[in-house]
Amino acid sequence: MRNGLLILFLIFLSPCLMADEHENEAPSFKVKGVVVDEKGEPLAGASVWVKGTVVGAGTNAKGEFTVKLTSREKCVLRVSFTGYAPKEREVVPGLDSLFHFALAPGDNALNEVVITGTRTMKPLKDVPVLTRVISREDIAQINPLDLQSLLEYEMPGLQFGLAHGSGLPELKFQGSAGGYVLFLIDGERVSGEGSSNNIDYSLIDVDNIERIEVVKGPMSTLYGSQAMGGVVNIITKDADRPFTGNASVRYGNNDESKYSLSLGTKQGRFSALTSLSYRTRDAYALKDEVGQIQYTHYKDMYDRDSVVADTSTKGMTSVKGFEIWQVNQKLSFTFNDRFRVSLDGTYYNNHILEYIQEKEQDVFSTYKLNPKMFYAINDRHILDLSYVFENYEKKIEYKKSPAEKRFGDMTHNMRLNYTGYLHDRHTLTAGIEMNTQRLQHYWFDNGSGKKFDAQTYVLYLQEDWKVSDSFSILAGVRSDCHSEYGFHASPKISLMYRYGVLALRGGYGMGFRIPSLKELHSEYDMGGQGFFMIYGNEDLEPEISHQGTLSAEVTRGIFNGSVSGYYTRYFDEIGLGLSSDGKNQQYYNADNATRTGVDVMAQFRFRNGLTLRGAYAYIDAHSEVDGYNMASDRPHSVTFTANYSKTFGKVTLSVALNGRWMSSVETWYKNSAGGYVQNEYDSRTFCALNLSGRFPRGFRFTAGLDNLFNFKDKNVTADQSVTPQRGIGVLGTLSVNLADLFKL
């Protein structure tokens with residue numbers, strides 16, 4: 001199958017190359033210019049793009065750019081820079097000499113272009129699907145070590161915990177488990193499994209992130225199975241200047257450190273960026289301060305409902321560390337105004353560190369290749385072809401014997417996508433996909449090395465219709481044909497109406513998730529001691545969800561705020577519980593489950609350099625068994641940010657306070673005796689304070705305090721749905737922009 005996909009890629013590529021053979025010989029015409037800020041200072045790294053083509057450039061240290069075109073026809077240049085309002089201008093190559101763009105700071109980020117909700121480039125304000133963007137500056141203000149910390153400070157309704165058994169991070173988002181949230185890197189799905197039904201979140205290096213786009217709710221039309229709870233698209237950095245270079249070092253008192261280096265160039269038709277990082281954090285252990293209250297309900301001798309509260313049990317839990325090497329490579333070549341090819345590659349190696357180091361050590365690794373092709377047939381019709389090969393493995397390394405492979409996930413994903421801009425008000429997106437997976441899992445046949453395969457073939461169609469200047473409709477349908485489950489169609493519709501400063505959005509989406517190979521075929525002795533088995537279920541039905549959403553967004557000057565609500569009903573939700581023998585566990589389809597929630601966000605961006613942002617999320621999650629709610633999602637959560645920046649000459653100083661509060665929650669679980677036990681988990685509050693200075697020649701230093709108020713969980717062993725805190729963290733980060741250092 002792998003060779004077949006590669007052959008198909010080459011077959012499709014070859015006629016495009018031949019068709020453009022003569023165009024490659026055409027003379028080029030240069031368009032030159034300079035980009036400055038409102039004070040006339042050059043903006044290095046600004047993006048310059050020729051609309052309707054695949055041609056672009058970045059500005060150097062003097063704000064200068066050069067774009068080469070093969071036609072003298074009029075074109076439109078679009079210039080953008082993070083935090084500034086973009087500008088567009090019509091130019092004639094070869095006739096005009098030098099173009100001057102002066103960008104003004106933006107009151108909000110609604111002119112920023114996003115791609116996730118529609119697979120097309122649209123300003124954030126015009127997207128019918130409410131999209132949350134985490135920018136490069138947002139990331140710098142938080143200064144996180146990893147993706148987990150970043151998302152927790154930025155997104156209420158999201159929580160990371162520790163998976164039972166593996167102790168690795170697992171995600172819950174708006175009441176949905178990690179397996180319901182699809183993570184993409186540059187629009188391509190992330191393969192491999194960290195903890196149960198979650199990706200390996202350490203795969204994503206925060207130093208390599210340009211921005212993150214988050215779309216909540218089912219997105220099956222464009223992205224298919226596993227996108228029932230939402231899509232998190234991580235856009236990585238590109239070479240944005242003739243010479244790009246960054247180096248940074250980070251150190252924290254909680255046994256953490258990080259070193260990264262990136263070098264690249266964007267010269268004429270060619271661009272390249274190489275990123276290298278090394279990250280490490282020691283494992284640590286925490287003890288319960290007080291015993292968790294456990295309520296056991298039972299019938300007494302008179303058949304009356306009775307309850308016993310037990311607070312005697314205390315324990316200890318450990319959080320794993322890591323030692324990670326990672327290399328990312330991006331290459332791109334533009335043949336002419338309409339044809340570009342690129343190749344992205346990743347290598348990742350993670351040694352999992354235990355609090356008490358054993359004779360063996362878990363090692364996670366992956367290598368990934370992603371060639372892409374972009375071909376603009378003309379200004380209105382665009383094709384892009386993408387192929388992704390990823391091989392994710394888990395091994396056990398022994399001190400005195402060869403490593404043993406315990407897990408292998410090999411995937412091939414190929415997609416041909418068409419975008420057509422029709423009659424000015426219609427944007428049509430259509431595509432075909434072929435996805436294959438071969439999985440070797442230590443849960444199969446007790447780690448015997450057994451493998452299972454699955455294939456999915458997909459057609460999708462989406463129409464983005466701008467009915468009027470104030471009203472638009474986004475509608476689509478996706479058909480998945482799975483090797484085991486056959487055909488299924490998933491429709492989606494979103495509406496947007498804008499009236500002055502008010503934007504109203506509403507929609508319906510059907511989610512669809514095929515059971516994973518693990519859920520179908522597991523046969524695993526949990527703990528290896530014969531206490532109980534975990535079995536898959538080959539009779540599982542696919543999960544289906546129906547979600548309705550409604551939101552209102554207000555934008556006026558420096559203010560942007562939104563309120564959104566959703567209701568989701570799941571059918572045949574897949575869970576893991578006691579089997580009929582009362583001893584072992586097996587995957588099963590639940591009758592139904594519901595998720596209801598409300599999100600509120602408000603942001604002020606004052607012109608004096610002060611930014612205030614707050615967000616609140618309410619989740620009403622129900623996953624009932626015998627009338628008991630087993631969901632452990634905290635119903636209320638808040639995130640907040642206060643950032644202030646001030647420039648003194650050529651030095652910019654800033655202070656950022658980021659915080660998060662999560663409410664308490666009561667949940668139930670079934671003990672080994674078959675009784676139901678109630679646990680109550682306390683509320684949590686933690687904050688981070690960062691002081692940062694940007695100095696001449698590209699130097700930036702950040703000093704920070706994490707967990708500012710020294711919050712510690714009282715019962716670290718009882719609540720595995722969150723990652724326990726271990727006290728105040730002191731950290732420092734020094735980075736230097738090598739292009740600014742050498743004025744390139």
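- Between Asp740 and Arg694 there is no salt bridge, since no side-chain N of the basic residue sits under 4.0 Å from a carboxylate O of the acidic one.
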- Intermediate values then yes/no, salt bridge (charged side-chain N to carboxylate O under 4.0 Å, His left out), Glu88 and Arg78: CA-CA 4 Å; Glu88 294 184 359; Arg78 188 179 195 275; 3.4 Å; yes

- Task: Could you walk me through whether Arg136 and Glu210 pass the side-chain contact (heavy atoms from CB on, under 4.5 Å) test, one step at a time?
- Result: CA-CA 5 Å; Arg136 185 195 303 187; Glu210 176 64 26; 2.4 Å; yes

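- Between the side chain of Ser342 and the main chain of Ser332, no donor-acceptor pair closer than 3.5 Å is present.
- Panel note: side chain Asn60, backbone Lys62; a donor-acceptor pair is recorded below 3.5 Å.
- The pair Arg250-Asp207 does not count as a salt bridge, with every side-chain nitrogen at least 4.0 angstrom from each carboxylate oxygen.
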- Task: Give the intermediate values and the outcome of salt bridge (charged side-chain N to carboxylate O under 4.0 Å, His left out) for residues Arg425 and Asp469.
- Result: CA-CA 9 Å; Arg425 291 190 176 273; Asp469 291 342; 3.3 Å; yes

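- Closest of all the heavy-atom pairs between Ala656 and Gln141 is CB-O, 3.8 Å.
- Arg613 places no side-chain N or O within 3.5 Å of a backbone atom of Thr639 that could act as its donor or acceptor partner.
- The shortest side-chain heavy-atom distance between Lys650 and Phe695 does not fall under the 4.5 Å cut-off.
- Using a 4.0 Å cut-off between a side-chain N of Lys or Arg and a carboxylate O of Asp or Glu, Lys32 and Glu64 do not qualify as a salt bridge.
- When side chains are defined from C-beta on, Leu261 does not count as touching Asn246, because their heavy atoms never get closer than 4.5 Å.
- Atom-to-atom distance recorded for Arg189:CZ and Asn233:CG is 12.0 Å, nearest 0.5 angstrom.
- Using modelled atom types, one side-chain atom of Asp37 and one backbone atom of Gly40 make a donor-acceptor pair closer than 3.5 Å.
- If you check the side chains of Thr236 and Lys330, you find a donor sitting under 3.5 Å from an acceptor.
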- Task: Start with the C-alpha distance between Ser545 and Thr568, add both sets of side-chain angles, then the distance that settles side-chain hydrogen bond (donor to acceptor under 3.5 Å, both in side chains), and finish with yes or no.
- Result: CA-CA 7 Å; Ser545 71; Thr568 310; over 6 Å; no

- Please walk me through it: do Phe374 and Asp384 pass side-chain contact (heavy atoms from CB on, under 4.5 Å)? CA-CA 4 Å; Phe374 304 87; Asp384 62 269; 3.8 Å; yes

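- In this structure, the side chains of Ser692 and Phe701 stay at 4.5 Å or more apart for every pair of heavy atoms.
- Tyr566 does not carry Arg595 over the face of its six-membered ring by the limits of under 6.0 Å from the centre and within 45° of the normal.
- Salt bridge annotation for Arg132-Asp599: absent, with no cationic side-chain nitrogen under 4.0 angstrom from a carboxylate oxygen.
- One finds the CZ atom of Arg700 at 10.0 Å from the OG1 atom of Thr733 (value rounded to the nearest 0.5 Å).
- No side-chain heavy atom of Gln547 sits under 4.5 Å from any side-chain heavy atom of Tyr567.
- Residues Phe648 and Leu653 form a side-chain contact, since some pair of their non-hydrogen atoms from C-beta on lies under 4.5 Å apart.
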- Task: Decide side-chain contact (heavy atoms from CB on, under 4.5 Å) for Val127 and Leu474; before the verdict, give the C-alpha distance in whole Å, the side-chain angles of both, and the deciding distance to 0.1 Å.
- Result: CA-CA 9 Å; Val127 179; Leu474 181 72; over 6 Å; no

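- A donor-acceptor pair under 3.5 Å is formed between the side chain of Thr131 and the backbone N or O of Val129.
- Using a 3.5 Å distance cut-off with no hydrogens or angles, the side chains of Thr641 and Asn658 do pair a donor with an acceptor.
- Ring pair Tyr201/Phe183: centre-to-centre distance below 6.0 Å.
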- Task: Take Leu184 and Val190 through the test side-chain contact (heavy atoms from CB on, under 4.5 Å) and record every step on the way to the result.
- Result: CA-CA 6 Å; Leu184 308 173; Val190 179; 5.8 Å; no

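- Using bins of under 30°, 30° to 60° and over 60° for the plane-to-plane angle, the ring pair Tyr153/Phe686 lands in the perpendicular bin.
- Here the side chains of Thr265 and Thr244 are not in contact, with every heavy-atom distance at 4.5 Å or above.
- Atom CD1 in Ile473 sits 5.5 Å away from atom CG in Leu495 (nearest 0.5 Å).
- Interatomic distance, CG of Asn737 versus CZ of Arg697, reported as 12.0 Å (0.5 Å rounding).
- With hydrogens and angles ignored, the 3.5 Å screen pairs no side-chain donor or acceptor of Arg607 with any backbone N or O of Pro105.
- The two residues Glu213 and Ile235 make their nearest non-hydrogen contact at OE2-CG1, 4.4 Å.
- Side chain to side chain, Thr555 and Asn560 meet the donor-acceptor criterion of an N or O pair below 3.5 Å.
- In this structure, the side chains of Leu77 and Val50 come closer than 4.5 Å at one or more pairs of heavy atoms.
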- Task: Kindly indicate, with the supporting measurements, whether the criterion side-chain hydrogen bond (donor to acceptor under 3.5 Å, both in side chains) is fulfilled by Arg505 and Thr549.
- Result: CA-CA 8 Å; Arg505 296 177 174 91; Thr549 62; over 6 Å; no

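- In terms of modelled atom types and a separation under 3.5 Å, the side chain of Thr59 and the main chain of Leu43 share a donor-acceptor contact.
- Distance alone, capped at 3.5 Å, places no donor-acceptor pair between the Arg684 side chain and the Met662 backbone.
- Put simply, the side chain of Asn253 gets close to the backbone of Val730: a donor and an acceptor are under 3.5 Å apart.
- Contact between Asn254 and Gly727 at its shortest, heavy atoms only, is ND2-O, 4.4 Å.
- Proximity of a side-chain donor or acceptor of Thr427 to a complementary backbone N or O of Tyr421 within less than 3.5 Å is not detected.
- A donor-acceptor pair shorter than 3.5 Å can be found between the side chains of Thr652 and Thr647.
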- For Thr702 and Asn143, run side-chain hydrogen bond (donor to acceptor under 3.5 Å, both in side chains): C-alpha distance rounded to whole Å, both residues' side-chain angles, the deciding distance at 0.1 Å, then the answer. CA-CA 8 Å; Thr702 301; Asn143 192 28; 4.8 Å; no

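- Within a 6.0 Å sphere centred on NE2 of His100, other residues, nucleotides and ligands contribute more than 12 heavy atoms.
- Residues Asp146 and Lys258 are not paired through a salt bridge, judged by the lack of any N-O separation under 4.0 Å between the basic side chain and the carboxylate.
- The two residues Trp465 and His426 come nearest to each other via the heavy atoms CD1-CE1, 3.1 Å.
- To the nearest 0.5 Å, atom CZ of residue Phe243 and atom CZ of residue Phe742 are 7.5 Å apart.
- Within the 4.5 Å cutoff, no side-chain heavy atoms of Ser735 are placed close to those of Phe699.
- Of all the heavy atoms in Pro144 and Ile139, the pair that sits closest is CD-O, 3.4 Å.
- Contact record, Phe65 with Val34: CE2-N, 3.6 Å, taken as the closest heavy-atom pair.
- Atom CG of residue Leu657 and atom CD1 of residue Ile142 lie 11.0 Å apart, to the nearest 0.5 angstrom.
- Side-chain polar atoms of Ser562 and Glu553 form no donor-acceptor pair below 3.5 angstrom.
- Remark: aromatic rings of Phe606 and Tyr644 are distant, center separation not under 6.0 Å.
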